[in-house]
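In what follows, a single structure is set out as structure tokens and then discussed.
Scope of the values below: all heavy atoms of this structure, side chains included, with no hydrogens, waters or symmetry mates. Note on naming: letters A, B, ... go to the chains in the order of the sequence lines (proteins, then strands), and numbering restarts at 1 for each one.
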Amino acid sequence: MAPYTTIPLSPAELSYLHTSLSQTPPIRPDGRSPTQFRPLVAETDILPSTNGSARICFPDGTEAIVGVKAEVERSKQENNGSTSEVHLKRDRRMEQQNEDMEDRDANEGKGREGWVELAIEIPGMRDDDALPIFLSAMLTEALLADQGLKDALYINTRFHWRLYIDILLLSLPLSYPLPLLSQTTHLALLSTRLPALVSEQDEDPLFNDDWEASTYLYPKSNPSQTAQRKPPITLLVMAVGETILFDPSADELAVADAVVALSVTQSTAGLKLIALRTIDPPSRLTSGGIPNALNTTPVAAGAQQTALSSNEALKLRENDQGRSVWRPPRGGVKRVVLSRMIKAVVEEDGVGGEVMQGLANVET
Amino acid sequence: MPLDTSSYALAHLRLDGRRWNELRRLHAQTSTQAAADGSSYLEMGNTKVICTVAGPAESRKGGGGGGNAEAKIEVEIGIAGFSGVERKRRGKGDKRTSEMRHTIASAFSANLFAHLYPHSTITVNLHVLSQDGSLLAACLNATTLALIDAGIPMSDYIVACTAGSTASYASNDEDADPLLDLNGLEEQELPFLTVGTLGAGEKVSVLIMETRMQMTRLEAMLAAGVDGCRQIRSILDGVVRAHGKAVLDSAIS
């Protein structure tokens, strides 16, 4: 069982938390507002032997380091038919475009998914455990949704860059590690640089020895372009009744009605939602409290103890509907709540933009 | 060959400008991770290692592993894919990694006061972020610091460093000099050993050598290594004392 699901809270505490979070405005255990994130420590470019690296520490002690390395690899040759087709398309487009268009527009559509490889290491877990596999699938899916990244790895028809992203979770997973790993990967990719290409066309790739001449994988803000490509970010959002909370702590996750992982990326028209995945909230693994009517411990000498049949006991619990005692949440998320979550992340000046802005401001 | 440079022939300066008995820059910090019981970060030149310690805790296997009168020490080493020049993903069952784990575990089993924690397990997690020579030595030093940070009592520091010989380079074998603290390039070409001592004296607790060379050179290399360990011990002791002072001054908790 994944460590983050062992919840040391009693039904009374869970009920108390749930009630506080259901208020308007919600009362969070640490007093944050619904869209306020906990402070974190972030640094980039910490590993000089990598193309890009980052380290983020969350205040609950969890820490992650991501290192990005790029290696030149030979491309698998496609059939002659398709390559000539691509050349024709390219020539036609070149006639139409301005000459100072960047190279990557000419490489449009040439990138391949297999050129990006992501690996996650979590201490105490083997590589084939469910959590590392699930997390790496979610992060890879979000990364590969951006064709621009794959195109940036194209060198010429015979060679391409292969990007290796190694994610290390340094502490035991005390809380669900997805937002931490996603933000650290985002930061590492922002600082990733590839050596500048000196050779022309299809000759063997030759690069400029000067590291200062290297280009960023995700180019820094370019005033001539309206939108700037950015790596994706995955945020964890939870819902308690009608209330939406961002950056939930482990306690808050223990009483969540629904937990959702939202992946967003930057596109020409602002933030775009790439993926939305529901995550089984750890609250479903908690045990419910026992209503007073079902209390079988002797209360007082004169109290009448009538043993209820199992059917009657069940009926009593169902009617209670978790009002008097804690009951693990059932059912899914309402569509309205989901759409409010998406809107809160994607809108102008929304949470997604704020997080991306915050990460972009991290100095080396 | 790392010693074929003119600077070595003329002034006996190695590739990075060091002399035969100079250590690389050693940077160490303790208590780097709040979530772990004990943690440390150590850099020996470009070799960077993070160590976290969890424990002493109840053995996962419950009564099965129990019946021990002493704490059991488990070591896990994770060598990051980006640690070398080329990206290489190493599995946990790698032979070299297994040997390093066993060496570290047995060195500390003998040194820690494990009889104070019967039926428990102390888990040491090492993460190698960057490799440039002296990997086992860096791991041992980082583990010492992390165990001290976790508050597990031991008789003295276990400090380690590498020592090599210029034997394969010098044509006149009698003139072969010992070298202290080899970097990655030197380790690939020259014979070397890793020596770990218990404290500043001459008690050797770890000695590993994987390359071959003439027996006559062993004594000089060992002497150089033990001397290097003494220097490292004083540096690490300084780090621990500085951290302790900061804690006492309530600068950090």
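The nearest pair of heavy atoms linking B:G78 to A:E121 is CA-OE1, 4.0 Å.
In terms of non-hydrogen atom pairs under 4.5 Å with chain B, the most contact-rich of A:L47, A:I46, A:T62 is A:L47.
Annotation: side chain of A:R162 is not in contact with side chain of B:R87 (no heavy-atom distance under 4.5 Å).
At a 4.5 Å heavy-atom cutoff, the contact between A:S171 and chain B is made by backbone and side-chain atoms alike. Looking at B:E76, neither its backbone nor its side chain comes within 4.5 Å of chain A, counting heavy atoms on both sides. With a 4.5 angstrom heavy-atom cutoff, A:D60 touches chain B only via backbone atoms. Neither the backbone nor the side chain of B:S39 comes within less than 4.5 Å of any heavy atom of chain A.
Under a cut-off of 6.0 angstrom, the local environment of CZ in B:R25 is crowded, with over 12 non-hydrogen atoms contributed by other residues, nucleotides or ligands. Dense packing is recorded around CG of A:D30, with more than 12 heavy atoms of other residues, nucleotides or ligands lying under 6.0 Å away. Within a 6.0 Å radius of CD in A:E203, more than 12 heavy atoms belonging to other residues, nucleotides or ligands are found. For B:R89, the CZ atom sits in a packed shell: over 12 heavy atoms of surrounding residues, nucleotides or ligands are nearer than 6.0 Å.
Atoms CD1 and CZ, from A:I65 and B:F82 in turn, are 6.5 Å apart once rounded to the nearest 0.5 Å. Here CG of B:L129 is found 10.0 Å from CZ of A:R55. Values are rounded to the nearest 0.5 Å. Here the NZ-OH distance, from B:K88 to A:Y164, works out to 13.0 Å after rounding to the nearest 0.5 Å.
A:K69 contributes no side-chain N or O that, together with a main-chain N or O of B:G81, makes up a donor-acceptor pair within less than 3.5 Å.
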